[in-house]
Chemist: 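The following block contains the structure, expressed as structure tokens.
This is a predicted model, so every value here is computed, not measured.
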Amino acid sequence: MRPATGGDASGVDPDAPAAAGPRGRSGERRRLRLGLLVLVSVVLLGALPLYFGMRTLSRDPVFDTLDELAVPGWATAKTVDNVSGSRWCLQDCRLRERTVESDRATEETARVYEQALRTEGWRRWEVTRCPEQPAKGSYTCWRRDELTLDLWVREPTCAAPQASGDPAVPPATPVPPAAGECTGSLVSVKVRNAIDDERTRPQPSTDPSLTGEDPFPTITDDPLGELTRSPS
């Protein structure tokens, strides 16, 4: 008579998988480490492009170009950047403004900045409305590729700005500036997209207000008739 239940005398089913031993546990640890390596690689490959992409969006590359200007350290004693508008010209195009304090006089500061601009490929732009309003000091305009740049170097403003609402009354005893104050110069750099700079567009040859004529003629009902101008 054969026994009704299969298996050998020890009671272990020969078709059942072997119990997990040391080699099985080692394989599980190896698979776990491999999975962790794959996860870390995916995170790094996704995080690095994201980091540099956010950095590019938050930092305007034009300021990086200005940082590369070969000007001495005394010409960049203190730098303040300001940006407004949209990089993709949505409603308003991007306007970059930089204000720099220089330790030396206006003439020397303007000379080193102009030389640095030429070295970086900027070309002097002789155009009307440069500046748009009379300005003291050295005011020059420049162009490179799709950008325009206004460079204004002037004497620093030594007097402290007056708070709004305070009466403009001079002090009873004027206080002379201390030694070392009111020296150096102030540099302003304004960079715009050339497409957004009105000075790149055709300018009117004459001012209509000086001719006394209406620049927009009135069209009669007769399609073949001549254009008649409104009385001045």
Side-chain angles (χ1 to χ4, degrees), residues 55-166 168 176-201 203:
R55 183 179 179 182
T56 302
L57 292 176
S58 60
R59 174 68 176 178
D60 196 299
V62 173
F63 289 121
D64 295 333
T65 302
L66 297 179
D67 292 337
E68 295 173 357
L69 293 177
V71 293
W74 55 261
T76 57
K78 183 179 180 181
T79 302
V80 177
D81 291 336
N82 187 29
V83 63
S84 60
S86 169
R87 183 179 300 179
W88 297 276
C89 288
L90 300 177
Q91 294 184 350
D92 295 326
C93 287
R94 179 64 60 91
L95 172 64
R96 304 94 170 168
E97 296 177 284
R98 167 169 289 189
T99 303
V100 184
E101 293 182 5
S102 173
D103 294 335
R104 300 192 183 181
T106 301
E107 295 79 8
E108 186 175 3
T109 302
R111 186 166 56 252
V112 298
Y113 269 93
E114 291 176 7
Q115 180 60 38
L117 288 173
R118 293 189 186 95
T119 303
E120 291 297 326
W122 293 87
R123 294 293 176 263
R124 188 74 174 267
W125 187 28
E126 302 293 344
V127 64
T128 57
R129 297 168 59 189
C130 176
E132 298 184 2
Q133 299 293 334
K136 296 182 179 180
S138 173
Y139 199 107
T140 55
C141 296
W142 305 76
R143 285 198 66 173
R144 193 184 78 169
D145 300 331
E146 76 281 2
L147 299 175
T148 66
L149 183 147
D150 288 33
L151 173 67
W152 183 21
V153 185
R154 60 199 184 277
E155 294 182 353
T157 304
C158 300
Q162 193 171 8
S164 59
D166 294 343
E181 293 183 0
C182 296
T183 60
S185 56
L186 189 64
V187 182
S188 294
V189 181
K190 181 168 59 177
V191 183
R192 287 179 284 187
N193 295 61
I195 193 175
D196 190 50
D197 195 330
E198 296 180 354
R199 296 170 297 180
T200 61
R201 305 167 189 169
Q203 302 296 319

Chemist: What's the spacing between Arg192 CZ and Arg199 CZ if we round to 0.5 Å?
Modeler: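 Answer for the CZ-CZ pair, Arg192 versus Arg199, is 4.5 Å.
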
Chemist: Could you report the tightest heavy-atom contact between Ala77 and Asp103, atom names first, then the distance?
Modeler: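 Taking every non-hydrogen atom into account, CB-OD1, 3.6 Å.
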
Chemist: Spell out, as yes or no, whether a donor-acceptor pair under 3.5 Å connects the side chain of Trp152 to the backbone of Lys136.
Modeler: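 Yes; at least one donor-acceptor contact below 3.5 Å.
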
Chemist: Between Cys130 and Val127, what is the shortest heavy-atom contact and its length?
Modeler: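 Of all heavy-atom pairs spanning Cys130 and Val127, the closest is CB-O, 3.4 Å.
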
Chemist: Decide yes or no for Arg96 and Arg94: does some side-chain heavy atom of the first lie under 4.5 Å from some side-chain heavy atom of the second?
Modeler: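 Arg96 vs Arg94: side chains touch.
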
Chemist: Within a strict 4.5 Å, meaning less than it, do heavy atoms of the Trp122 and Leu147 side chains meet?
Modeler: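 Touching, per the 4.5 Å side-chain cut-off.
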
Chemist: Assess the side chains of Arg111 and Ser138: does a donor N or O sit below 3.5 Å from an acceptor N or O?
Modeler: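 Short answer, no.
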
Chemist: Under 3.5 Å, is there a donor-acceptor pair between the side chain of Tyr113 and the main chain of Leu69?
Modeler: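 Pair absent, no side-chain N/O of Tyr113 close to backbone of Leu69.
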
Chemist: With rounding to the nearest 0.5 angstrom, report the OH to CG distance, Tyr139 to Leu151.
Modeler: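 Going from OH on Tyr139 over to CG on Leu151, the span is 9.0 Å.
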
Chemist: Does any non-hydrogen side-chain atom of Glu101 lie less than 4.5 Å from one of Val80?
Modeler: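 Result no, sub-4.5 Å side-chain heavy-atom pair not found.
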
Chemist: Which one of Leu149, Thr65, Leu95 satisfies the side-chain contact (heavy atoms from CB on, under 4.5 Å) criterion with Val191?
Modeler: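 Result for side-chain contact (heavy atoms from CB on, under 4.5 Å) with Val191: Leu149.
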
Chemist: Who are the salt bridge (charged side-chain N to carboxylate O under 4.0 Å, His left out) partners of Glu155, not counting sequence neighbours?
Modeler: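 Listed in chain order: nothing, the list is empty.
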
Chemist: Answer yes or no: is there a donor N or O on one side and an acceptor on the other, between the side chain of Thr106 and the main chain of Gly137, under 3.5 Å?
Modeler: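 Checked: no pair found.
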
Chemist: What is the distance from atom OG1 of Thr99 to atom NZ of Lys190, rounded to the nearest 0.5 Å?
Modeler: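 Atom-to-atom, Thr99:OG1 and Lys190:NZ are 11.0 Å apart.
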
Chemist: What's the shortest heavy-atom distance between Asp145 and Arg143, and which atoms?
Modeler: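 Closest approach of Asp145 to Arg143: O-NH2, 4.0 Å.
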
Chemist: Got a second to check how far Glu146's CD is from Thr200's OG1, nearest 0.5 Å?
Modeler: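 The CD atom of Glu146 sits 12.5 Å away from the OG1 atom of Thr200.
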
Chemist: Applying side-chain contact (heavy atoms from CB on, under 4.5 Å) to Arg98 and Thr76, what does each step give before you reach the verdict?
Modeler: CA-CA 11 Å; Arg98 167 169 289 189; Thr76 57; over 6 Å; no

Chemist: Which pair of non-hydrogen atoms, one from Pro156 and one from Gly184, has the smallest distance, and what is that distance?
Modeler: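 Here Pro156 and Gly184 meet closest at CD-O, 3.2 Å.
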
Chemist: Please tell me if the side chains of Phe63 and Val189 come closer than 4.5 Å, counting only heavy atoms from C-beta onward.
Modeler: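 No; the side chains remain at least 4.5 Å from each other.
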
Chemist: Contact between Trp142 and Glu120 at the side-chain level, heavy atoms closer than 4.5 Å - yes or no?
Modeler: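 A side-chain contact under 4.5 Å is absent here.
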
Chemist: Considering all heavy atoms of both residues, which atom of Gly121 and which atom of Arg144 are nearest to each other, and what is their separation?
Modeler: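 For Gly121 versus Arg144, the nearest heavy atoms are O-CG, 3.5 Å.
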
Chemist: Just by distance, do the side chain of Asp60 and the backbone of Val62 share a donor-acceptor pair under 3.5 Å?
Modeler: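 At least one qualifying donor-acceptor pair exists.
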
Chemist: How long is the gap from OG on Ser188 to CZ on Arg154, to the nearest 0.5 Å?
Modeler: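 Rounded to the nearest 0.5 Å, the OG-CZ separation comes out at 3.5 Å.
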
Chemist: Between Asp81 and Val83, is any pair of side-chain heavy atoms under 4.5 Å apart?
Modeler: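 No, their side chains stay 4.5 Å or more apart.
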
Chemist: To the nearest 0.5 angstrom, please state how far the CZ atom of Arg123 sits from the CG atom of Leu117.
Modeler: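 With rounding to 0.5 Å, CZ (Arg123) is 10.5 Å from CG (Leu117).
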
Chemist: Ignoring hydrogens and geometry, is there a side-chain-to-backbone donor-acceptor pair from Arg129 to Glu198 under 3.5 Å?
Modeler: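 Between the backbone of Glu198 and the side chain of Arg129 there is no qualifying donor-acceptor contact (under 3.5 Å).
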
Chemist: Name all residues meeting the salt bridge (charged side-chain N to carboxylate O under 4.0 Å, His left out) criterion together with Arg124; count only those two or more places apart in sequence or in a different chain, and write none if there are none.
Modeler: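 Testing Arg124 for salt bridge (charged side-chain N to carboxylate O under 4.0 Å, His left out), a comparison that skips the adjacent residues, returns Glu126.
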
